[in-house]
Every structure is written in structure tokens, then in C-alpha cells.
Amino acid sequence: MSTHTQSGRTTVPSILARKGSEKIVCLTAYTKPVAELLDHHCDILLVGDTVGMVLHGLPSTVGVTLDMMVLHGQAVMRGSQHALVVVDLPFGSYERGPSQAFKTASKVMRKTGCQAVKVEAADGVAESIAFLVSRGIPVMGHVGLRPQATNIDGGFKAKGKTADERERVLAEARAVDEAGAFAIVVEGVAPDLADEITATVKAPTIGIGASPKCDGQVLVIDDMLGLFDWTPKFVRRYADLRTLIDRAAFQYAEDVRLGKFPAEAEVYKLRSVKRS
Ligand code: KIV
């Protein structure tokens with residue numbers, strides 16, 4: 001089955017159809033050049049609000065603004081042609097209710113051209129998801145560890161340690177699913193809770209620090225490339241770009257200081273034009 005539209009991008013129905021079958025590959029992306037490199041390897045590129053932490057040095061995602069998400073969403077759309085692009089709605093831009101969520105989500109879709117938005121599940125958010133979906137806006141939900149709620153939780157804490165907490169996360173996942181989310185990110189929960197969610201909901205689950213049995217996986221690109229200065233336990237580092245960049249900058253600085261850069265081949269050779 002083709003997973004693409006005529007424009008070549010993966011579609012929301014094709015992601016829904018992957019429930020329990022072919023795994024869904026998702027990575028975050030925030031810039032055009034990185035989106036270009038990831039596009040052909042991923043089904044979904046998520047313009048996550050982690051952009052505030054990994055690119056802008058914020059302590060959490062709470063300080064991320066709508067303008068930041070629009071700017072990075074536009075860049076990722078310019079750098080991709082194949083993947084489904086999902087943009088996070090930032091903290092404070094959707095929680096007030098369906099009409100605020102619609103205003104924000106429609107602005108993000110209009111200004112970036114992305115195909116879907118993501119929201120973190122909290123009290124009342126399911127109602128907003130249903131409102132958006134019925135008006136043509138595909139929504140990805142996010143349950144478990146919710147980065148926008150770390151001030152309540154006292155940090156980035158895995159969820160599901162108590163029976164009450166497990167029940168709450170499961171109920172949130174069910175509510176997001178019933179509201180019509182086309183996929184659900186399940187973050188920072190024990191594998192058996194992630195498996196129960198995956199078995200319960202109709203939408204494909206995308207795990208991060210969750211379980212290999214989720215319908216897909218997502219990682220923050222800077223984490224998996226070894227660019228961020230702190231690596232969570234659940235991250236597998238596929239490269240060590242911090243070390244590579246450090247070595248390259250060291251070598252460049254040395255070459256400049258010793259007058260070894262630029263070499264003859266690295267300067268323009270222009271013929272001087274004589275005045276008549
Ligand atoms: O903002 C983000 O990057 C995310 C991922 C961690 C799933 O929500």
C-alpha cells in the first residue's frame with residue numbers, strides 16, 4: 001500500500017493503518033538542513049517543543065513560544081518532501097479550551113504548511129482534540145511524562161510508579177484515542193504500562209523511553225547524535241557529534257593561529273582588470 005499522497009508526503013491515514021504492523025519511524029527536526037538529511041529515513045518528522053531546550057538553551061519546554069514553533073516548522077517543511085510533519089503546540093497556547101486550540105493549531109498549519117499538530121494530554125484536552133479533528137486538523141497526543149508539566153512534577157519524572165498514576169496515564173491515553181488522535185506519543189513510562197496502552201488504543205503509539213512494543217519510536221535528534229550535553233537513560237547514541245565538532249573547531253583554530261588556513265587553493269585568484 002502506498003503511504004504517500006501525490007505530493008509525496010506520508011499521510012495521516014497511512015500512519016493510522018500502521019497500527020500493529022510496520023513500525024513507525026519518527027525523529028525530531030528543527031532546521032532545514034537536518035530535515036533534509038532525515039526526511040528519507042523517517043515516516044514522521046516532529047518539530048518538537050524540545051527545540052527550546054536543545055537549540056535555544058531553555059531549561060524546559062515551558063518558555064517556548066508560538067513564533068518559535070512557526071519558524072522551526074517552516075524550516076522543517078522547506079527541508080522535507082517525504083515525511084509527515086507534525087508541529088508541537090507550545091505551553092499555554094491550547095489548554096484554555098477548543099477555541100484557543102483551534103486558533104493556535106490553524107495558525108500553525110496555515111503558516112508552516114505542516115500536516116498535523118501535537119498536544120500534551122491534560123484535563124479537558126481531549127475535548128479540544130475532538131474539536132480540532134472534526135474541523136480537519138489531525139492531532140497527535142502525548143501521554144505519560146509530559147514535559148510541559150514538569151513544574152508540577154518537580155522535574156522530568158517517569159510515570160506509572162503507583163497504581164493511581166498508571167490508571168491516570170491509561171485514562172489519558174484512552175481519552176486522547178477516543179477524541180480521534182491519529183497517533184499517541186507515550187513518554188517515560190514502564191514498558192508494561194506502555195504495552196497496555198498500545199493494546200488498548202486504536203491509534204498507533206510512538207514510544208520514547210517506553211517499550212519496544214510500541215507501534216513506533218521517536219528520539220530527540222540532538223540526543224541520538226550526541227549533540228546535547230546530557231543523555232537520558234533511554235537514548236541510544238548513534239553518533240558523537242559533540243566530539244567531532246570539538247575536534248574540528250580545535251583544528252580550525254590551530255590552523256588559523258599558525259597561518260595554515262586559508263591555503264593557496266582556498267583563496268580566489270582574480271585577474272586584475274587594467275583601466276583603459
Ligand atoms: O518535544 C519533543 O521533542 C517531544 C518528543 C520528546 C516526543 O515531544
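From a predicted model like this one, the values you see are computed outputs, not experimental measurements. Order of appearance sets the numbers: ligands from 1, and atoms from 1 within every ligand.
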Please list, in number order, the atoms of ligand 1 under 4.0 Å from a heavy atom of Thr28. 3 (O)

Below 4.0 angstrom, N of the basic side chain to O of the carboxylate: do Arg174 and Glu178 qualify? no

Using a strict cut-off of less than 4.0 Å between a Lys/Arg side-chain nitrogen and an Asp/Glu carboxylate oxygen, indicate whether Asp43 and Arg18 qualify as a salt bridge. yes

Specify whether His82 and His40 have parallel, tilted or perpendicular ring planes, treating 30° as the upper limit for parallel and 60° as the lower limit for perpendicular. parallel

Heavy-atom distance to atom 1 (O) of ligand 1: which of Leu27, Ile206, Asp49, Val51 wins? Asp49

Cut-off 3.5 Å, side chains only: do Arg9 and Ser80 have a donor facing an acceptor? yes

Does the ring centre of His56 sit less than 6.0 Å away from the ring centre of His72? yes

Protein heavy atom at shortest distance from atom 2 (C) of ligand 1: Thr50 OG1, 3.3 Å

Show me which atoms of ligand 1 lie under 4.0 Å from any heavy atom of Ile208. 6 (C)

Using a strict 4.0 Å cut-off to heavy atoms of His142, name the atoms of ligand 1 that fall inside it. 8 (O)

Atom 7 (C) of ligand 1: the protein heavy-atom neighbour that sits closest, reported with distance to 0.1 Å: Leu46 CD2, 3.7 Å

Could you list the atoms of ligand 1 found under 4.0 angstrom from a heavy atom of Gly48? 1 (O), 2 (C), 3 (O)

Counting from 1, what ligand 1 atoms have a heavy atom of Asp88 closer than 4.0 Å? 1 (O), 2 (C), 8 (O)

Salt bridge Lys111-Asp67, side-chain N to carboxylate O under 4.0 Å: no

Establish, yes or no, whether the cationic atom of Arg96 lies under 6.0 Å from the six-membered ring centre of Tyr94 and within 45° of the ring axis. no

With a cutoff of 4.0 Å, is Lys118 in contact with ligand 1, counting heavy atoms of the residue only? yes

